Every structure is written in C-alpha cells, then in structure tokens.
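Labels below follow one simple rule: chain letters A, B, ... track the order of the sequence lines, proteins then strands, and each chain is numbered from 1. Just so it is clear, the model here is predicted, and its values are computed rather than measured.
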Amino acid sequence: MSNERFDPSVADGRWQAAWDEARCFEADSNSDKPKSYVLEMFPYPSGRIHIGHVRNYTMGDVLARYRKMQGREVLHPMGWDAFGMPAENAAMEKGVHPAGWTYQNIETMKGQLKQLGFALDWSREFATCDPEYYGHEQALFIDLFNAGLVYRKESEVNWDPVDMTVLANEQVIDGKGWRSGAEVEKRKLNQWFLKITQFAEDLLEGVQGLDDWPQKVRTMQENWIGKSQGLEFAFDLSNGQKLPVYTTRPDTIFGASFVAVAADHPVAQSLDNEEARDFIALCKKGGTTAAELETAEKLGFDTGITARHPFTGAELPLYIANFVLMDYGTGAIMAVPGHDQRDFEFATKYGLPIPRVVAPSVDEAAKPFDGEAEAGEGVLVNSDFLDGMSVEDAKAEVIARAEKGDWGVGTTVWRLRDWGVSRQRYWGTPIPFIHCADCGVVPVPKDQLPVKLPDDVSFEQPGNPLLRHPTWKDTTCPKCGGAAERETDTLDTFVNSSWYFLRFASQPGDKPFDAAEVAKWLPVDQYIGGIEHAILHLLYARFWTRALAHVGLLDVKEPFGSLFTQGMVTHEVYTLPFNFTSLDGRVIRVPENVGHKHGKFFAISDNVEVLPRPARPGDPMHYVNPSQVRKVSEKAYFLDSDLELNIGKVIKMSKSKKNVVDPEDIIRDYGADAVRWFMLSDSPPERDLPWSEAGIEGCGRFVQRLWRLFGQYEENASGEDKDLARKTHQTIAAVAEDIEALAFNKAVARLYELTSAAEKAAPSDSRSHAIRSLLLMASPMMPHLSEEGWVEMGGKGLVAEAAWPEVDPALLVEDEVTIAIQHKGKLRDTLSAPKGSSKEDLEALALASEKVQRSIDGADIRKVIVVPDRLVNIVT
RNA sequence: GCGGGCGUGGCGGAAUGGUAGACGCCGGGGACUUAAAAUCCCCUGAUCCUAUAGAUCGUGUGGGUUCGAGUCCCACCGCCCGCACCA
C-alpha cells in the first residue's frame, strides 16, 4: 500500500460517483428487511448550506449508514422547504423572481450536500414549491375542509400602513415595520383556520406515548396545549350587562379586588366614551405577540362600571387592561393581585387593594406581601367559608357552590388556539377556494388542481401580488358558473412541512401518497432537527397526521417515533479595533473592503494604500469574518499582518456578527471526512458545538493518522494479542451502543482510543482485525476515507454496503479489575484484583494496604462497605 | 412576563450514587531534520511540602440526605432557548 497522504480532493468525488452509480442509498419499499426511516428536518433553500445544516445532516447520515450496516432497509430522503418570505424579500431587494431565486438556491445547495457524501435517496427529492407537491397539498386541504376541519373567521394581524402589507412578528421591531419604520397597527382580516383545537385532548394524551422524545420537548408541547381546569362564571355589571369570566384560581375568589377585560372585548368596544376609545386605540399599537403584551407596562382604563362579587356582594371596579388576552378564556378576568403577579403589578400601579387570601398558615392571615404576588401553595385565609382549606380543596368547594347556585360552572380551558393558516403573500401554496357572490366560498374542483401561482408578478409595489394581479383571481364559480374570484391568500409554510415526510415515503403521481406504502415506512424512526421547532412544527405535523387519519386518508397517528434536537454551531467573534484611512482621509469601516499585500493594507476597490487608525469612542463595532483572521496561539490577527484583533464571545453563527464559516471552504481545505468528523467530535450533539480552526485541523490530522494505520494492515499476519483483541471487541460493542444513543462524541472518543492502541501494538492477527474493524466502525462517519482504505485492504464491494463488525461476547470480559480503596469516603489506594473476587478477599486486600493502614492509624473499624469489582470503603 | 433548559481544568467535554477530569483541542518539553513541514514521545486542575510511594482543596453559590454526591433533595445566582405570520 502506498504511504502517500490521503487526498480528499480526489477520493471524495470518486466515491460519491461510485455510490451514485451503485444507487446504494435508494430505498426499496418492497424490501423484506426491517425498515428504518431516518429523517432530518428539510432545509429552507436560503442560498448556501449553513454549517448548522452540515451538523444536522451528518448526524442523520451516520445513523442511516450505521442502520444499513446493521441490515436495515433505510429510507433517508432529502427535499426542500421552499416557500417562504426570504424569496419575496430577494424579489423586492434584487428584482429576481422568487421561483428563479429558489430553484437556483436549491441547485447550489444540492451540490454542496453532494460534496459531503451524504447517503441520501435523491430519487425522492422534491421542493414544496413544485406545483405537483402543492397541488396535492391543496387536495388535502379541501379534504379537511369537507370534513369540517377548516373554517374562516376574523383575526388580528400586524398591519404596516405604509407598505400596505401584513407583517410577520419578526418584521415588527419595537412596534414599527422593519422596512417602512411606520407604527404598526392591529387590523382584523377574515382568515382561514384549521381546527387543531378539536384534537387538543388527543394531542396532549399522545405526548405521553412519545417516550423517545426529549423530556423538555414533551413538556413544551404539554404547556403549549395548556389544559387547565377552572371556573367560568358571570359578574353582574352595574350597567345591567353580564360579564362572563374564567379563572384557574377559583379558590382565591375572596381576594378579587377588580375585574378586567381585553381591549377588544365587547364590553370595552361598546363603551360610548372618547377616553375609552383612545385607550383601546393605544392598546392596538405595538406587536401582537404574547411576549410583547406581557412584558409591556401594565396599563388600564377605569370604565366606571362595577361588577358585583358573587359571594360578598362588593362592587369591584371594571378596567380595560392591556395584559388581558381576548383569545384566552372569555377575554375577561377576575383579578386577584395578592396571588397573580400581573394583577399585583396592575393593582400597585393603580392603587387598588391587595388582599391576602392564601397564607403559609392560618396564623399568618395578616402577613404583608414582599413586593410581589404569592402564587404558591398554602391555606386559605380571609375567605369566609374557605378559611383553613388547602388550595386544592378550596378550588373544588367554590366550583361546587357555583354549580349548586347555578351561577357558574367548572370548565376545561385550553391555551391552544386554532391554527391561522392565511398568509397575504405570493410565495406560498394558493388556498384552493373561490368566492362567489351567490354560492359563497366554494372549493376548487379537484380535477382543476393544482391552482398554480402566476409567474408574471411584480414586487415593485406594496401589498400582495396575487391581489394585485390583473387577471389571476378572475374565474368562474364551479357551482353556478357565474363570475367569481379566487382566494388570494396562501397557506402558512408550516402546512408544507406538516406532511412532507409522508410524501417522502410514498409519491404516486395521482394522489398525495399511498396509505399502504406510507404505513410501511412510518413512523419516522429517527427525526433530527433544531430545538427551535420543538413546539410549532412538531405540533402541526402531529395534528396534520391526525387530521388526515380522521378523514380516512392515513392509518398512522404519531408521525415521529424518536426525536432528537441538536445544538447550534457557534464561533467566536472577532472585532477590529481600527478603522482604515486612506491618505486623502477616506475612512473604510468594512474590513471586507481591505486587502493585505507585501506588508501593506490597501482598499480593494481602487488598490490605494490605507493605514489602520485606532477607532474613536462611539465608532460602530466592526466584525471581521474568520476567513480574514489569522490565529496564532490564542491571539487573532487581521489577514497576514501583525494587526491584532479583539476576540469576543462564542455565539451562534450569524451574518450580522460575521462569525460564519462557509462549509464549502472547509470541505475544500480539509475534505468532507474531516468536516464530518469535526461535526461529531467533542460536543454532545444536543449541545452547541463551538467551531474552531484548531479543531478542524486536528480532525484533518486524524484522517491522515487513520490512513497511515490502514496502511499497516497485513492480510496474513499471525499471532494473537489478547489485550488488543479485547479492546477491539469492547470498542465494537460500545461504539454501536453510542451511535444508537446518538452519543457521537463518545463513539469518536472510543475510536481514538482504539486507534492509539492499534498503533502501539506489534503486528498480529489481532492487530489486523483491529484495523479492519476500525475502518468499518469509522465508515459511517468518514465514508470516503473508509472506501479508499477498503480497496487498499483488498475488501470486496463497497464499504457502504458492508456489514457492521461482529462482537465476540467471550472477548468482552476483563479478568483483572482495579479496586478503589477508600477510608471514610476518601480515596487512599487502588489495587488490582481478579474479577469476581469475594467480598472477604477484597476486604482483606484493602486492610493489607500500607497506605490504608497509615490513614486508619489504629482507629476502630466500625464498618466496611464492599462493592464487588469496584471499591472498598473502610469507616472508622 | 410565562414556559423550558444548561452551569465540571485554559477550551469542548467524560463519569449505572462508588478512583472526578476518559477522549480531543490549546500550551510546555523532547526526538527526527542542515532547516522547516510532517510525524513520534513525555508533561499539562489548583495550592502547599522536607516536591517520584506526601498532603490539602476542587464539578456556579449556600444548605441537606448518604459509609460515599458532579450525580439525589431544597434555596439562590448566572447564562441560553421558545412564546402562535421566520423557517
């Protein structure tokens, strides 16, 4: 075998082509082998592959290749979540068509994924913006409509009055439109909704069965669905109206000191009072998100109306309050400031009483509050017939009395709201409905699907291009044949990602999927993606699967059997403590515009020399891209100069902080295998992975180290090396266990250990077996290197189609173990003993230790604890 | 604000309640070399000491349970993530 260096620039492409030609990663739906569906969340085609994608897909790839080696029929598909706002933003900013921009990005990114050698079944690839895909989606949407799971209602949106457009929450910054800077208004629009709340109980119960999901994701889903038991009752208002309120704390009813309604509550809306209208208008400013509403300063307006307390008869003031949500409960609350923090802040601000009705004990009924509400457990006080009861008992008592007196009822309320799927945008799935003046809302007949997006649209004017298009929305009513208009809203892109995993499993031409074929592959055996999808995407996909099963299209309930959420890739940030100034005084603030040649800096635009000048206080921070940084032992320098940079925090890679690393650059420099190895090393996959130049260099070195070791493989070596053989078999068993637990960092550490052991060992049959096993175990992680080494070792066929090495259980067992000897819990000595030694023998050995005797120093031995094969602890 | 998570050497981290720091990175020393690159070997938590068979401290902070706690319990501090039109 040649002892030349492994050259990824040649080997990577060679093996990628070989895999393609052998079509070894195409899944066979008719296979007899046990199936394994490995899926990573498909990417949005934003332009180029991000290092976070590389990490995500490398993990999935290792698992997919490993399962194949274990004899599974593996489905490992890839596609594109291709609808969404960035394409429209590009259209507005660069004048390119969203479709052209998107498909161009897909081509680029597919090429980048191929360079990484992922074992993907490209024959099943699709993009959600393909008319074929969204046409099937439209058919499914109509099926759900026919089953009564789709409806329309008025709902609030963020409205930008200058751009005349609806803004996403992320486009609202400090209550202003990101592009126009105009104050954002809340506006009501008639929109499409999916009845996810019909499945609330089922979705909640289903969480119980998701044993292979991270506990935190399960908890987040449960909290999101938010089932709560409480009391709904109505206050009699002084104006003669009845005001229904909902509370989860009926036990604290004697602590209610005011009543509050949301700004868009009918009682507030009906006020014939200019100040009230002004206050409601004030509440309409700013964003619509829960986070914004709840962090905003608590504001209220005293309506002058009062509400009669059902037990005490006291007249409580009625406020309009900005922290009350119309969408939750009845949009009105009884406020108990002593035991709810929001109510506490509000009461403090407006000088309302803060009575105590729950205390640590009955004796502490008069205990003052320490600047905040007390929401915890305790006993009821100052509460008439409830005094002395626990919170739990008091809740039941109040509900019982309300139901008996027929003025209230115990109810279950869900935090989960129906899913608003309307988007007033172009680049999405057109909602397949027609508005007819006579027949109302009518679905497009299925034989007319897909309702395709028009190509001839412009993004130069504000507003929705579909609404503005001169002819697209003109059509005829399928029912009466009269003139009618198409719906111009498109579907939320979360709808696209709610069933793509079904289409990967089965893609007939004439329908969205074949239920029987889907049933062969689903549920997804391992789903891998970012924690940012812990709630919405996963909940919507679970709902969509149930909804399709509900209408009889599917026989699957939970789509994802096992879920793994991986961490982000982070990188330190570099900042430039200088500006560059040319001799004529021009200041260059962007480091990317500066080059370095022959010890001098120059402006790239015109090649004129520039000099670094210390930044002045108040100058903006200049971030420097890693590609312009030279690192020498913990210090960072600008380009090849001796100009030192400041090193900042290690944070998520982002364009604005310029701490991004382009995967294509590092693949070119180190090869796909080194990059893949780095993605798996060191950090546990669920945690953040800090990118470092030194780290990837270490991985590059290890690739070469393994390559040299492969070169030492001898086909006919003789002799046995029992220690190495045991180590090899232990490693095979442990690495398999680690990969199955997705603990790639641990698998990597074990491969390093076996590599070191094999390097140090003398040639023997055991050593050749160790090297061959190493190659096979490393192959899911470093497939190109492994294929290349396999050829050199005279292996048959492709490693990609090889089997995982077998473990000999007899070779796993150690015969000598190290025993820790403690005195009073502190380590005093260690000694070696045969595995399985008796407690008596171990105790005798421990007491014979000189170090232990010195530590005991003649004291009485009270107790000796012996843990077989582990330790002896002597207590004096 | 509400909900969730995470804190171990210079860094990433390992450790079924049982030898804390496996493995990797950085750093230091050495070998090879005319030299460099590459490669290989050794050292590398802190403090103390009479410093190669020594001692003490040490897993965010303060308590607790236990023969024994990074691991279990309580309280606190810090950082990170999600919050319904980003994907």
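Taking atom P on both nucleotides, B/G9 is separated from B/G4 by 27 Å, rounded to a whole Å. Comparing the P positions of B/C74 and B/C79 gives a spacing of 23 Å, expressed to the nearest Å. The same atom, P, is picked in B/C73 and in B/G7; the two are 14 Å apart, to the nearest Å. As rounded to the nearest Å, B/C11 and B/C32 have C1' atoms that lie 30 Å from one another. Comparing the P positions of B/A14 and B/G24 gives a spacing of 15 Å, expressed to the nearest Å. B/G10 and B/U47 have their P atoms separated by 10 Å, with the value rounded to a whole Å. Comparing the C1' positions of B/C57 and B/C49 gives a spacing of 15 Å, expressed to the nearest Å. When the P atom is used for both B/G58 and B/G70, the distance is 10 Å, rounded to whole Å.
When the side-chain nitrogen and oxygen atoms of A/R423 are compared with OP1 and OP2 of B/C85, one or more of them lie within a distance under 4.0 Å.
Per the geometry, CG belonging to A/L709 stands 11 Å off P belonging to B/C40, to the nearest Å. Atom CG of A/L325 and atom P of B/G3 are 14 Å apart (whole Å). In this structure, A/R870 places its CZ atom 18 Å from P of B/G68, rounding to the nearest Å. Rounded to whole angstrom, the span from the NZ atom of A/K727 across to the P atom of B/A22 amounts to 13 Å. Between the CD atom of A/Q221 and the P atom of B/C81 there is a distance of 20 Å, given to the nearest Å. Atom CH2 in A/W677 sits about 11 Å away from atom P in B/C25, given to the nearest Å. Counting to the nearest Å, the P atom of B/C83 and the CG atom of A/N223 are 14 Å from each other. Atom C1' of nucleotide B/C23 and atom CZ of A/R701 are separated by 15 Å, given to the nearest angstrom.
Comparing B/U19, B/A87, B/C26 against the side chain of A/F494 picks out B/A87 as the nearest. Listed nucleotides: B/A38, B/C86, B/C23. Nearest to the side chain of A/M85: B/C86. Set against B/G13, B/G18, B/G1, the side chain of A/I865 has B/G18 as its closest nucleotide. The side chain of A/V166 approaches B/C85 more closely than any other nucleotide in the set B/A84, B/C6, B/C85. Across B/A87, B/C26, B/C85, the shortest atom-to-atom separation from the side chain of A/Y540 is found for B/C85. Side chain of A/E753, nearest nucleotide from B/C40, B/C23, B/G18: B/C23. Nearest nucleotide to the side chain of A/K746, out of B/U19, B/C41, B/A14: B/A14. Side chain of A/D682, nearest nucleotide from B/C85, B/G3, B/G12: B/G12. Minimum atom distance to the side chain of A/L827 is reached by B/U19, of the listed B/C85, B/U19, B/A55. Listed candidates were B/A87, B/C40, B/G12. Nearest to the side chain of A/R705 is B/C40.
The aromatic rings of A/W101 and A/Y44 sit tilted relative to each other, their planes meeting at an angle between 30° and 60°. The aromatic rings of A/F6 and A/W707 sit tilted relative to each other, their planes meeting at an angle between 30° and 60°. Aromatic ring pairs are classed by plane angle as parallel below 30°, tilted from 30° to 60° and perpendicular above 60°; the pair A/F702 and A/W677 is parallel.
Side chain to side chain, A/Q191 and A/D489 fail the donor-acceptor criterion of an N or O pair below 3.5 Å. Using a 3.5 Å distance cut-off with no hydrogens or angles, the side chains of A/D81 and A/T493 do not pair a donor with an acceptor.
As judged by a 4.0 angstrom heavy-atom cut-off over every strand, A/R687 is placed among residues touching the sugar-phosphate backbone only. Nucleic acid contact class of A/R218 (heavy atoms, under 4.0 Å, all strands): none. Contact annotation for A/N873: base contact, defined as any heavy-atom pair under 4.0 Å involving a base atom. When heavy atoms are screened at a 4.0 angstrom cut-off, A/S497 is found touching no nucleic acid atom at all. A/S681 comes within 4.0 angstrom of nothing in the nucleic acid, heavy atoms only. Among the heavy atoms of the strands, none lies under 4.0 Å from A/Q704. Residue A/S692 is out of contact with every strand shown, counting any heavy-atom pair closer than 4.0 Å. When heavy atoms are screened at a 4.0 angstrom cut-off, A/W419 is found touching no nucleic acid atom at all. Across all strands shown, A/L539 has no heavy atoms under 4.0 Å from either base or sugar-phosphate atoms. Residue-level contact check: A/P684 touches the backbone only, with heavy atoms under 4.0 Å from sugar-phosphate atoms and none from bases. A/H533 comes within contact range of at least one nucleobase, with a heavy-atom separation under 4.0 Å.
Put simply, the side chain of A/I819 does not reach to within 4.5 Å of the side chain of A/L845, judged on heavy atoms. Using a 4.5 Å heavy-atom threshold, the side chains of A/Y670 and A/R701 count as separate. Using a 4.5 Å heavy-atom cutoff, the side chains of A/L210 and A/L563 are not in contact. Residues A/E572 and A/N659 are not in side-chain contact: their nearest non-hydrogen atoms beyond the backbone lie 4.5 Å or more apart.
For the pair A/K863 and A/Q191, both in contact range of RNA chain B, the more 5′-proximal nearest nucleotide belongs to A/K863. Toward the 5' end of RNA chain B, the nearer of the two residues A/K826 and A/L871, judged by each one's closest nucleotide, is A/L871.
In this structure, B/G68 makes no Watson-Crick or G-U wobble pair, since no nucleotide meets both defining distances under 3.5 angstrom. When both distances must be under 3.5 Å, the Watson-Crick or G-U wobble mate of B/G7 is B/C77. Remark: B/U34 base-pairs with no nucleotide in the shown strands. Criterion, Watson-Crick or G-U wobble with two distances under 3.5 Å. Under the Watson-Crick or G-U wobble criterion, with both distances below 3.5 Å, B/C85 has no partner in any strand shown. Taking a pair to require two hydrogen-bonding distances under 3.5 Å in either a Watson-Crick or a G-U wobble arrangement, B/A51 remains unpaired. Across all strands shown, B/A46 forms a Watson-Crick or G-U wobble pair, both distances under 3.5 Å, with B/U56. B/U19 is unpaired under the Watson-Crick or G-U wobble criterion, no partner having all donor-acceptor distances under 3.5 Å.
Applying the 90° criterion around 0 to the glycosidic angle, B/G9 comes out syn.
Between A/E737 and A/K746, no side-chain nitrogen of the basic residue sits less than 4.0 Å from a carboxylate oxygen of the acidic one, so the salt-bridge criterion is not met.
Ring pair A/W213/A/Y527: centre-to-centre distance not below 6.0 Å.
A donor-acceptor contact under 3.5 Å is formed by the side chain of A/R425 with the base of B/C85. Under 3.5 Å, the side chain of A/Q424 and the base of B/C85 form at least one donor-acceptor pair of N or O atoms.
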Study note, to complete from the structure: 5' to 3', nucleotides 45-53 of chain B under a 4.0 Å protein heavy-atom cut-off (B base, S sugar-phosphate only, - none) gives --------B

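Heavy-atom neighbours of A/N190 CG from other residues, nucleotides or ligands within 6.0 Å: above the threshold of 12.
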